[in-house]
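What follows is a single structure, written as structure tokens, with notes after it.
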Amino acid sequence: KSSNSKTSLRTLSKFSALARDLEKAVHGNGRKNPFENGINAEEGRTALARDLEKAVHGNGRKNPFENGINAEEGRTAKVITGLTDEESEAFATSEKKRIRAPGTLRVQGLCVVGFSIFRGADMSSPPRASSRARLCAPGLFSGLSEAQQVDSRSNSRWGNGCALSVPAEVTVIPLDIESTTTPIAFVKDILFPYIKDNVKEYLQTHWEEEECQQGVNLLRKQAEEDSHLDGAVPIPAASGNAVDDLRRMIQAVVVNECWQISLDWKTTVLKHLQGHMWRAAFKSGSMKAELFEDVVPAVRKWREVGMKVYIYSSGSVEAQKLLFGHSTEGDILEFVDGQFGTEIGHKVESESYRKIASSIECSINNNLFLTDVTRDASAAEEADMHVAVVVRPGNVGLTDDEKTYFSLITSFSELYLPSST
Ligand SMILES: CSCCC(=O)C(=O)COP(=O)(O)O
Ligand SMILES: [Mg+2]
């Protein structure tokens, strides 16, 4: 407890982040994906060690949502440190001003877009912002008066006020799939129900095959690791009665898969098995992947100006190839330079993005990652990748802070490549 308010507030913001992370590590945060939660002991320990490190030394992150910032957290800090009401209020207010400053940030964002459109990349914004793609999306205008909005929109070269100027250093665009290239409805209403309806038959038909056995063995291992979780479904090992074993194992795999799907888990094992199962449907032509209508024209244009386009999705590489090879727009695999699944690492981990850049043999800041998930966007940005959050119909809504912080697009056509002038 210190009366030197600036130092004390900064320390408190770190404490509040720590309190929140500890709270999450102990009680969970309501998310079901184990990679987003300190769900197992190992992950809990790692998260705790990392968060303590961050709390003490700072984390060098640029994303305000990963630091203690709001009134709620101010209250948490108060509880932990025994601040007076006045100190707690001052903390919340100063943090609010520092991070959110809605009017200032929005107008600043607008200026940056103005500069990037009319003066190229040589912007007078802070160094970090100048090297980043900045946003000019509908949310941006909400802090302005009607007249200012109209003025700003008509100043935009695109007329509708929606454009994201891509920094000149960007030469590679990795894309997420679900809710970025492909409607979430296609995944939730067609791809996943297909698995639920066909997993049993797939297992009965392919049980003896090496690929299927490998998948089941990996699933069994994962189920052992998940055994402490509510509703976890173990996969029994063989007991000697071949017919009975087969029936019990298949039944367990079916229930385990449905359980994971119901939690929208994106484990590598599950995704591999799903890829194998979708194969028959895509190859027979009975299933075609949906893409947002702006995807193919934009990707075609990007490649014409020399951009490389990659996919980075939780879906397996096999599934990604099936999807882009059998879309409603035909086989568009030729527009994709390569695919990455979660073998390279999970999308919430910054290291995955570093590995992707190194595998493509480019600098990380040559990449602009397009995704609907802000947590993935934060991880990529922490690794120094440019990011833009794609807002599509049916997506999980963004908070006001996320809308202000991230560069947003609602269509790939809103990306403006300097090299395409
Ligand atoms: C070919 S991917 C099918 C959809 C899927 O299973 C999935 O997990 C998509 O996740 P994303 O990381 O692309 O949002
Ligand atoms: Mg997605």
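Just so you know, ligand 1 is whichever comes first in the structure, and atom 1 is the first atom listed for that ligand.
- How far CD of Glu381 is from CG of Asp376: 13.0 Å, rounded to the nearest 0.5 Å.
- In summary, the side chains of Gln222 and Asp226 do present a donor paired with an acceptor at a separation below 3.5 Å, with no hydrogens or angles considered.
- Atom numbering of ligand 1 starts at 1 in the shown order; those under 4.0 Å from a heavy atom of Ala319 are 1 (C).
- Within the model, atoms CD of Glu290 and OG1 of Thr328 stand 6.5 Å from one another, a figure rounded to the nearest 0.5 Å.
- In terms of polar-atom proximity, defined here as any N/O pair under 3.5 Å, Ser314 does make such a contact with ligand 1.
- A cation-pi arrangement is found for Lys347 relative to Tyr312, the charged atom lying closer than 6.0 Å to the ring centre and inside a 45° cone about the ring normal.
- Figure legend: Arg392 and Phe292 shown as a cation-pi pair, the cationic atom lying under 6.0 angstrom from the six-membered ring centre and within 45 degrees of its axis.
- Between Arg354 and Glu351 there is a salt bridge, since a side-chain N of the basic residue sits under 4.0 Å from a carboxylate O of the acidic one.
- The closest side-chain heavy-atom distance from Val296 to Leu291 is below 4.5 Å.
- Counting only heavy atoms from C-beta outward, the side chains of Leu408 and Lys403 approach each other to under 4.5 Å.
- Heavy-atom contacts of Leu191 reach the following atoms of ligand 1: 3 (C) (cutoff under 4.0 Å).
- Among protein heavy atoms, atom 10 (O) of ligand 1 sits closest to Lys266 NZ, 3.3 Å.
- Proximity of Phe192 to ligand 1, defined as any heavy-atom pair under 4.0 Å, is confined to the side chain (atoms from C-beta onward).
- Geometrically, ligand 1 and Leu323 share no nitrogen or oxygen pair separated by less than 3.5 Å.
- Heavy-atom proximity to atom 11 (P) of ligand 1, evaluated over Leu322, Leu270, Leu175, Asp176, is greatest for Asp176.
- Closest to atom 4 (C) of ligand 1 by heavy atom, among Asp372, Val187, Ile184, is Val187.
- Distances below 4.0 Å separate heavy atoms of Lys271 from the following atoms of ligand 1: 5 (C), 6 (O), 7 (C), 8 (O).
- The shortest distance between side-chain heavy atoms of Lys321 and Leu333 falls below 4.5 Å.
- In terms of polar-atom proximity, Glu178 is counted as a contact of ligand 1, with an N or O under 3.5 Å from an N or O of the ligand.
- Glu178 contributes atom O as its closest N/O/S atom to the Mg ion (ligand 2).
- Looking at Asp372 and the Mg ion (ligand 2) together, the shortest N, O or S contact belongs to OD1.
- At the shortest separation from atom 13 (O) of ligand 1 among protein heavy atoms lies Ser313 OG, 2.7 Å.
- Atom 2 (S) of ligand 1 has Gly315 CA, 3.6 Å as its closest protein atom, hydrogens excluded (heavy atom only).
- Asp176 has its closest N, O or S atom to the Mg ion (ligand 2) at the position named OD2.
- The shell of residues lying under 4.0 angstrom from ligand 1, judged by heavy atoms, includes Trp278.
- Side-chain contact between Pro297 and Phe412: absent, with no pair of heavy atoms (C-beta onward) separated by less than 4.5 Å.
- When hydrogens are left out, the protein atom nearest atom 12 (O) of ligand 1 is Lys347 NZ, 2.5 Å; that is the closest non-hydrogen contact.
- A donor atom on one side chain and an acceptor atom on the other are not found under 3.5 Å apart for Ser313 and Asp176.
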